[in-house]
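Please read the structure below before turning to the comments.
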Amino acid sequence: MIITAIGIGTRGDVQPLVELGIEMKKRGHDYRVATFDDFKSMVTEKGLEFIHLDGSAKSLTQYLITEYVRPVDFPPGYKKFYGEIPGVLDQIAEAVKESDAAMYGTCSFFTRSACDLYNVPAIRVFFSPFDSTNQYSLYSNKTNSISNGLSYLSQEPAMNLLTIQLFNKWRAEHGLKKWTMFSDYRKQNGKKVLTFYPVSPLLMPPDSKWGSHIHVTGYWYHPKDTGDFVPSQELVDFLESGEPPIFIGFGRATSPEMKELQNRTLEAVSKMSVRAIFQGEQADSDLFVGNTDNILAVGNVPYGWMFERVRAVVHHGGCSTNGLGLLEGKPTLVMPLALDQYFYGRRVNEIGAGPKPLYVRFELPTVEEIKSSIKDLISGKYDEGAAKASETLIKEDGCNVACDVLEKHFL
């Protein structure tokens, strides 16, 4: 079986596709990942075939995360991103041409048009709720509410409109029917499209009303596989010199607001009797400078290695990052920046594994608010909830579940 995964997104979007590919290759299947050059080494070091796509994680982050404030900001950001890389449409089509199936996510739904061209089965992969359910919503704190189900009504029309505006010219040039507002990404050739959510059912319980084509598999990761990572002596010494620190990291999003949030977070920690490791890979050089004897800045460290050694974690709430922290049983404070991060921040709190999220977009939390939330985080009240989450996640094996589904579906 030949599977092509289209990885247009950030590291958090691409790495799970790579992790799934590791298991598929073990089972004797061909598995290719088409993505930006940013992630070439991630793909090839795992022994998978890499296919180049124009674009970069930096520009995607700029348009779809940094400049994202409200849901209505997604379409113009999407247009900006694809407007800069018109050749990527043909690259995706060529990538899926010889495939038995092709996987795609929210930022790469042009893949469906490429699949239609070559009659290749499409597979949807989402890291946040996309199929309608009353149980929860990206945008609401309510549970089991009809309004939650209604909140999904705009998603398919929005994708249809973007397809009409951005991709119909390509479809027409290649002899495909034009996409319309009545077209349906959830079906292909009259059949429901196989759909994966690489998330723990603990965080995203599957709706009993969803069909058998939708699978919430558990996370796609191998957290103990840290490759040839060797920690610096500075990091080892810091970890061994006192109580376990907390980990703080906000991914790669850069903006004036992000820099200020980092400054405030570092200032809050510097005023507390708590040790912290701050992942500063994405940070500017002029971050807060104060009493930072209890803070160590690090670059790229595998989270599977790092989270095992800390007291608690503070991050933006990305799907896989969230899962890795909970897998290790670490109380978690989420400061969401955009998209599904709000949802996961709420879910962490709802399962008792961390404080209420500190929302960032409309008004940055103050130093005192951050300090109060971190104090709450390490108070001990969330230790039991985080430990219970860990007990559940340890039993899950999302990659193998997904492989079983793929083999049953296509073989």
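A ring-ring contact (aromatic ring centres under 6.0 Å, His included) with Phe110 is found for exactly one of Tyr82, Trp179, Trp170, namely Trp170. The only option from Lys330, Lys388, Arg311 that meets the salt bridge (charged side-chain N to carboxylate O under 4.0 Å, His left out) definition with Asp383 turns out to be Arg311.
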**Prompt:** Under the ring-ring contact (aromatic ring centres under 6.0 Å, His included) criterion, do Phe307 and Phe247 qualify, and how do the steps go?
**Reply:** CA-CA 8 Å; Phe307 291 173; Phe247 173 86; 5.2 Å; yes
**Request:** Would you check, one step at a time, whether the test salt bridge (charged side-chain N to carboxylate O under 4.0 Å, His left out) holds for Lys26 with Glu23?
**Result:** CA-CA 5 Å; Lys26 286 180 182 178; Glu23 292 300 326; 3.4 Å; yes
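Side chain to side chain, Asn148 and Gln135 fail the donor-acceptor criterion of an N or O pair below 3.5 Å.
In summary, Asp184 and Arg186 engage in a salt bridge, as defined by a charged side-chain N under 4.0 Å from a carboxylate O. Using a cut-off of 4.0 Å between Lys/Arg side-chain N and Asp/Glu carboxylate O, Glu156 and Arg124 are scored as salt-bridged. We find that Arg32 and Glu94 are not joined by a salt bridge, their nearest charged nitrogen and carboxylate oxygen being 4.0 Å or further apart. Ion pair Lys58/Asp38 not flagged as a salt bridge, since none of the NZ, NE, NH1 or NH2 atoms sits closer than 4.0 Å to an Asp/Glu carboxylate oxygen. Taking a cutoff of 4.0 Å between a charged side-chain nitrogen and a carboxylate oxygen, Arg264 and Glu267 do not qualify as a salt bridge. Between Lys371 and Asp376, none of the side-chain N atoms (NZ, or NE/NH1/NH2) sits under 4.0 Å from a carboxylate O, so this pair counts as no salt bridge. The pair Asp116-Arg171 meets the salt-bridge criterion, since a charged nitrogen lies less than 4.0 angstrom from a carboxylate oxygen.
For the pair Val269/Ile248, a side-chain contact is recorded, criterion being any heavy-atom separation below 4.5 Å from C-beta on. No side-chain heavy atom of Phe343 sits under 4.5 Å from any side-chain heavy atom of Phe127. Here the side chains of Leu327 and Pro223 are in contact, with some heavy-atom distance below 4.5 Å. Between His213 and Val193 the shortest side-chain heavy-atom distance does not fall below 4.5 Å. Side chains of Tyr344 and Cys319 form a contact here, defined as non-hydrogen atoms less than 4.5 Å apart. When side chains are defined from C-beta on, Leu235 counts as touching Trp305, because their heavy atoms get closer than 4.5 Å.
A distance of 9.0 Å separates CD in Glu407 from CG in Asn400, rounded to the nearest 0.5 Å. Here the CE-OG1 distance, from Met306 to Thr226, works out to 12.0 Å after rounding to the nearest 0.5 Å. Atom CD1 of residue Ile8 and atom OG of residue Ser56 lie 11.5 Å apart, to the nearest 0.5 angstrom. The CG atom of Asn322 lies 9.0 Å from the NE2 atom of His316; values are rounded to the nearest 0.5 Å.
Ring centroid separation for the pair Trp210 and Tyr197 comes in under the 6.0 Å cut-off. Ring centers of Phe126 and Tyr104: at least 6.0 Å apart, outside the cut-off. The ring of Phe109 has its center closer than 6.0 angstrom to the ring center of Tyr185. In this structure, Tyr63 has its ring center no closer than 6.0 Å to that of Tyr78.
The closest donor-acceptor contact from the side chain of Thr163 to the backbone of Met159 lies under 3.5 Å. Here the side chain of Thr321 pairs no donor or acceptor atom with the backbone of Gly317 at under 3.5 angstrom. When atom types are taken as modelled, the side chain of Thr195 and the backbone of Ile214 share no donor-acceptor pair closer than 3.5 angstrom. Side-chain atoms of Thr111 come within 3.5 Å of backbone atoms of Ser108 as a donor-acceptor pair (strictly under, hydrogens ignored).
Note that Arg275 lies in the cation-pi zone of Phe238, set by a 6.0 Å cut-off to the ring centre and a 45° limit from the axis.
More than 12 heavy atoms of other residues, nucleotides or ligands sit less than 6.0 Å from atom CD of Glu84. Around the CD atom of Glu243, the shell of radius 6.0 Å holds no more than 12 heavy atoms that belong to other residues, nucleotides or ligands. Annotation for Lys177: atom NZ does not count as buried by contact number, only 12 or fewer foreign heavy atoms lying within 6.0 Å. More than 12 heavy atoms of other residues, nucleotides or ligands shown are found within 6.0 angstrom of CG on Leu153.
Judged as a side-chain contact (heavy atoms from CB on, under 4.5 Å), and not counting sequence neighbours, the contacts of Gln165 are Lys79, Leu161, Leu162.
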